[in-house]
Participant: 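Would you mind keeping the following structure in view while I ask a few things?
Since the model is a prediction, treat every value here as computed from it, not as a measurement. We count ligands from 1, going down the list as the structure has it; atoms in each ligand are counted the same way. The first residue of the sequence shown is numbered 1, and numbering continues consecutively from there.
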Amino acid sequence: MTQSASKPAPQTFHVKSFGCQMNVYDGERMTELLSARGMTPAAEGADADLVVLNTCHIREKAAEKVYSDIGRLRREDGSRPMIAVAGCVAQAEGPEITRRTKSVDIVVGPQAYHRLPGLIDDVMAGRDAVDTDMPADSKFDVLPGRARRSGTSAFLTVQEGCDKFCTYCVVPYTRGAEVSRPWRAILDEARALVDGGAREITLLGQNVNAWTGEDDKGRLQGLDGLIRALDALPDLARIRYTTSHPNDMTQGLIDAHAEVGKLMPYLHLPVQAGSDRILKAMNRSHTRESYLRVIERVRSARPDIALSGDFIVGFPGETESEFEETLSILRESAYAAAFSFKYSPRPGTPAADMADQIAAEVMDERLQRLQAEIINHQIAFNQASVGKRTTILLERKGRQPGQLVGKSPWLQSVHVEAGDARIGELIEVDLVSAGPNSLGGVIVSRQAA
Ligand code: SAH
Ligand code: SF4
Ligand code: F3S
């Protein structure tokens with residue numbers, strides 16, 4: 001253990017989260033943890049005594065960003081805040097980070113951040129503060145209760161980690177094995193979020209539909225059981241979940257889309273590629289056909305459901321015709337929205353060592369073609385919504401004075417002239433205009449339909 005100069009106790013802190021919604025959730029929990037220690041949040045990193053960079057390791061660009069962000073925290077007088085690197089880069093690189101830059105005081109992995117207060121004490125005492133354990137004592141058992149105030153739309157992590165080992169992906173290494181949080185802990189946290197003002201809860205997990213656990217009567221339940229239990233919370237209006245794996249879409253969960261009133265008609269179901277040869281090389285464990293059958297079953301349960309997906313272009317060995325199969329599965333699936341990425345070789349993953357890595361120019365060109373099609377689908381989906389009367393949940397202020405932005409059941413952002421309506425209200429609107437990323441609406445009634 002190395003010794004370095006001791007530091008004064010930080011009074012203020014700033015948490016900055018990158019990457020997926022699970023990191024956003026972890027960032028909120030760290031904020032609650034540090035607040036419980038008596039520290040106050042600062043709006044800007046530059047003003048804080050402690051900055052937590054809650055990082056993402058999924059692609060090289062995301063992972064490298066942390067080092068430029070650390071550089072930017074240096075103040076004009078040459079001083080810097082205490083810096084903690086948390087999240088998936090912390091897990092993947094561990095002590096390597098403090099070797100690469102002397103400016104980092106704390107390295108703490110996604111399963112160990114409940115120990116942040118002790119690590120701050122270590123820094124103050126001049127001790128090394130690197131903790132990338134995946135401890136048996138779950139962070140969830142130790143974290144303080146949820147804050148008394150919550151946003152209109154809240155995240156709730158119910159499942160973590162991944163056992164799927166897609167050959168390109170770091171998540172099984174950075175987040176560890178699949179673990180489901182207990183039923184009662186989830187329902188208690190949901191109740192606290194609703195009491196704090198949440199009207200919508202999005203259940204989170206790297207493979208959220210793999211969630212399983214025993215209910216209060218000892219019966220084995222899946223995610224659909226949990227959703228049905230949440231449906232019974234009186235002041236909760238909407239339930240969503242993300243991200244799902246195609247192989248874990250059980251019939252029970254599909255049926256819930258037909259039967260549970262509060263479950264929103266939206267499903268993020270990444271496919272990654274359209275060619276069976278590439279899917280096999282990715283170790284996705286589903287085929288093009290089995291994926292299309294799953295979405296057919298989902299659509300027959302809930303015909304108006306909006307689907308979204310993720311795609312990777314330029315996986316090692318991907319030929320032009322295999323890429324065209326990705327374009328064709330995009331067309332066949334008729335997504336409401338989609339996210340596409342250039343393949344990024346990640347250290348320690350099997351795909352990084354595969355032959356036939358694709359040239360950067362080829363990836364760029366394929367990504368452009370894919371994104372052009374995706375935008376067309378998004379525009380078509382949004383335009384098809386114009387003329388509908390629906391309910392939106394008002395979530396935030398818009399850019400224009402008097403404007404609020406809400407979400408449709410299909411996760412579209414809808415801008416309205418709000419009048420007396422307030423954030424947190426469910427209101428009935430007519431959808432009157434559409435762009436690629438949002439819609440315009442006119443309020444019909446402040447009562448939800
Ligand atoms: N558990 C989720 C998502 C995990 S990461 C799932 O299985 O769908 C989010 C997205 O990042 C993935 O869906 C994938 O499209 C993308 N991604 C993951 N690893 C990547 C890599 N090495 N290069 C490029 N994109 C990647
Ligand atoms: Fe990564 Fe695949 Fe697991 Fe998703 S299912 S987190 S892409 S290994
Ligand atoms: Fe990134 Fe970790 Fe999420 S790698 S996408 S922050 S699980």
Side-chain angles (χ1 to χ4, degrees), residues 16-27 53-66 85-93 109-111 113 132 155 157 159-179 204-211 241-249 267-274 278-279 281-286 291 294 307-316 318 326 329-330 335 337-354 357-358 360 363 366-367 370-371 374:
K16 198 168 170 200
S17 291
F18 306 89
C20 62
Q21 288 130 322
M22 308 203 50
N23 257 16
V24 175
Y25 174 88
D26 289 339
L53 298 172
N54 190 19
T55 59
C56 173
H57 195 62
I58 202 83
R59 285 167 289 275
E60 190 182 353
K61 244 197 195 149
E64 284 300 313
K65 196 176 167 354
V66 57
V85 174
C88 290
V89 176
Q91 192 64 40
E93 297 184 8
Q111 309 305 356
Y113 64 76
T132 53
F155 290 140
T157 294
Q159 181 279 338
E160 283 213 78
C162 181
D163 298 339
K164 304 271 191 294
F165 290 94
C166 299
T167 53
Y168 50 81
C169 184
V170 293
V171 171
Y173 313 99
T174 62
R175 292 274 172 171
E178 278 180 16
V179 178
L204 299 180
Q206 267 93 16
N207 278 299
V208 70
N209 56 346
W211 183 89
Y241 61 95
T242 198
T243 291
S244 299
H245 192 281
N247 287 2
D248 293 322
M249 279 316 290
L267 176 63
H268 183 58
L269 199 65
V271 65
Q272 315 297 357
I278 294 290
L279 287 170
M282 287 177 161
N283 192 32
R284 281 295 291 178
S285 67
H286 60 78
Y291 177 85
V294 170
L307 292 177
S308 66
D310 287 348
F311 293 93
I312 295 175
V313 302
F315 185 81
E318 184 189 67
T326 293
I329 203 167
L330 172 81
Y335 294 104
F339 307 89
S340 52
F341 310 100
K342 280 187 277 188
Y343 167 71
S344 172
R346 307 303 295 127
T349 61
D353 297 326
M354 287 180 186
Q357 301 281 325
I358 304 294
M363 282 204 235
R366 287 182 188 167
L367 187 71
L370 182 62
Q371 289 188 336
I374 289 172

Participant: Once salt bridge (charged side-chain N to carboxylate O under 4.0 Å, His left out) is applied, what residue pairs with a partner in residues 53-64 remain, sequence neighbours excluded?
Facilitator: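 Of all non-adjacent pairs touching residues 53-64, those that pass salt bridge (charged side-chain N to carboxylate O under 4.0 Å, His left out) are Glu64-Arg100.
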
Participant: State whether the side chain of Thr242 and the backbone N or O of His268 hold a donor-acceptor pair below 3.5 Å, judged by distance alone.
Facilitator: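 Here the side-chain-to-backbone pair does not exist.
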
Participant: For the aromatic rings, using the six-membered ring if either is Trp, is the centroid distance between Phe165 and Tyr173 under 6.0 Å?
Facilitator: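 Judged by ring-centre distance (under 6.0 Å), Phe165 and Tyr173 do meet the cut-off.
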
Participant: Please identify which atoms of ligand 2 are closer than 4.0 Å to at least one heavy atom of Tyr168.
Facilitator: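 Going through ligand 2 atom by atom, the ones under 4.0 Å from Tyr168 are 7 (S).
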
Participant: Can you list everything that forms a ring pair (Phe, Tyr, Trp, His ring centres under 6.0 Å) with Tyr113? Sequence neighbours excluded, please.
Facilitator: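 Result, ring pair (Phe, Tyr, Trp, His ring centres under 6.0 Å) vs Tyr113: none returned.
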
Participant: Among all protein heavy atoms in this structure, tell me which lies nearest to atom 3 (Fe) of ligand 3, with the distance rounded to 0.1 Å.
Facilitator: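 Among all protein heavy atoms, the one nearest atom 3 (Fe) of ligand 3 is Cys20 SG, 2.3 Å.
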
Participant: Nearest protein heavy-atom contact for atom 2 (Fe) of ligand 3: which residue, which atom, what distance?
Facilitator: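 Looking only at protein heavy atoms, the one closest to atom 2 (Fe) of ligand 3 is Cys88 SG, 2.3 Å.
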
Participant: Quick one: sort the His286 and Tyr291 rings into parallel, tilted or perpendicular, breaks at 30° and 60°.
Facilitator: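 Correct class here is tilted.
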
Participant: Distance from Gln371 atom CD to Phe339 atom CZ, nearest 0.5 Å?
Facilitator: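 It comes to 11.0 Å.
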
Participant: For atom 1 (Fe) of ligand 3, state which one of Ser17, Pro172, Ala62, Cys56 supplies the nearest heavy atom.
Facilitator: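 Of the listed residues, Cys56 has the closest heavy atom.
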
Participant: What's within reach of atom 3 (Fe) of ligand 2, meaning protein N/O/S atoms under 2.8 Å?
Facilitator: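 You should have found Cys162 SG.
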
Participant: At what distance, to the nearest 0.5 angstrom, does SG of Cys56 lie from CE of Met22?
Facilitator: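 Rounded to the nearest 0.5 Å, the SG-CE separation comes out at 12.0 Å.
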
Participant: Might you list the protein residues in contact with ligand 1, defined as having a heavy atom under 4.0 Å from one of its atoms, sorted by chain and number?
Facilitator: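 Contacting ligand 1 under 4.0 Å are Ile58, Arg59, Tyr168, Gln206, Thr243, Pro270, Gln272, Arg284, Asp310, Ile312, Phe341, Lys342, Tyr343, Ser344, Arg346.
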
Participant: Once rounded to the nearest 0.5 Å, what's the spacing between atom CE of Met354 and atom CE of Met282?
Facilitator: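 The CE atom of Met354 sits 9.5 Å away from the CE atom of Met282.
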
Participant: For ligand 3, which part of Arg175 has a heavy atom less than 4.0 Å away: the side chain, the backbone, both, or neither?
Facilitator: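 Looking at Arg175 and ligand 3, just side chain atoms fall under 4.0 Å.
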
Participant: Is the closest side-chain heavy-atom distance between Leu267 and Tyr241 below 4.5 Å?
Facilitator: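 Yes, close enough: below the 4.5 Å cut-off.
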
Participant: Roughly how far, to the nearest 0.5 Å, is the CG atom of Leu204 from the OH atom of Tyr25?
Facilitator: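 Answer for the OH-CG pair, Tyr25 versus Leu204, is 8.5 Å.
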
Participant: Taking the non-hydrogen atoms of Arg175, is any one of them nearer than 4.0 angstrom to ligand 2?
Facilitator: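 Distance cut 4.0 Å: Arg175 fails for ligand 2.
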
Participant: I need the nearest protein heavy-atom contact for atom 4 (Fe) of ligand 2: residue, atom name and distance, please.
Facilitator: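 Sorting protein heavy atoms by distance from atom 4 (Fe) of ligand 2 puts Arg284 NH1, 4.3 Å first.
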
Participant: Ignoring hydrogens and geometry, is there a side-chain-to-backbone donor-acceptor pair from Gln159 to Gly161 under 3.5 Å?
Facilitator: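 Yes, the answer is positive, given that a donor and an acceptor are paired below the 3.5 Å cut-off.
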
Participant: Please list the nearest protein heavy atom to atom 7 (S) of ligand 3 with its residue and the distance rounded to 0.1 Å.
Facilitator: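 Residue, atom and distance for the closest contact: Gln206 NE2, 3.1 Å.
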
Participant: Please step through ring-ring contact (aromatic ring centres under 6.0 Å, His included) for the pair Phe341 and Tyr168, ending with a clear verdict.
Facilitator: CA-CA 12 Å; Phe341 310 100; Tyr168 50 81; over 10 Å; no

Participant: Considering non-hydrogen atoms of the protein only, which is the closest contact for atom 6 (S) of ligand 3, and what is the distance?
Facilitator: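 Its nearest protein heavy-atom neighbour is Asn23 ND2, 3.3 Å.
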
Participant: Counting non-hydrogen protein atoms only, what is the nearest one to atom 4 (S) of ligand 3? Give residue, atom name and distance.
Facilitator: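 Sorting protein heavy atoms by distance from atom 4 (S) of ligand 3 puts His57 N, 3.2 Å first.
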
Participant: Do Cys162 and Arg175 have side chains that approach each other closer than 4.5 Å (heavy atoms only, starting at C-beta)?
Facilitator: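 No, too far: nothing below the 4.5 Å cut-off.
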
Participant: Between Ala338 and Phe311, what is the shortest heavy-atom contact and its length?
Facilitator: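 Reported closest heavy-atom pair: CB-CE1, 4.0 Å.
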
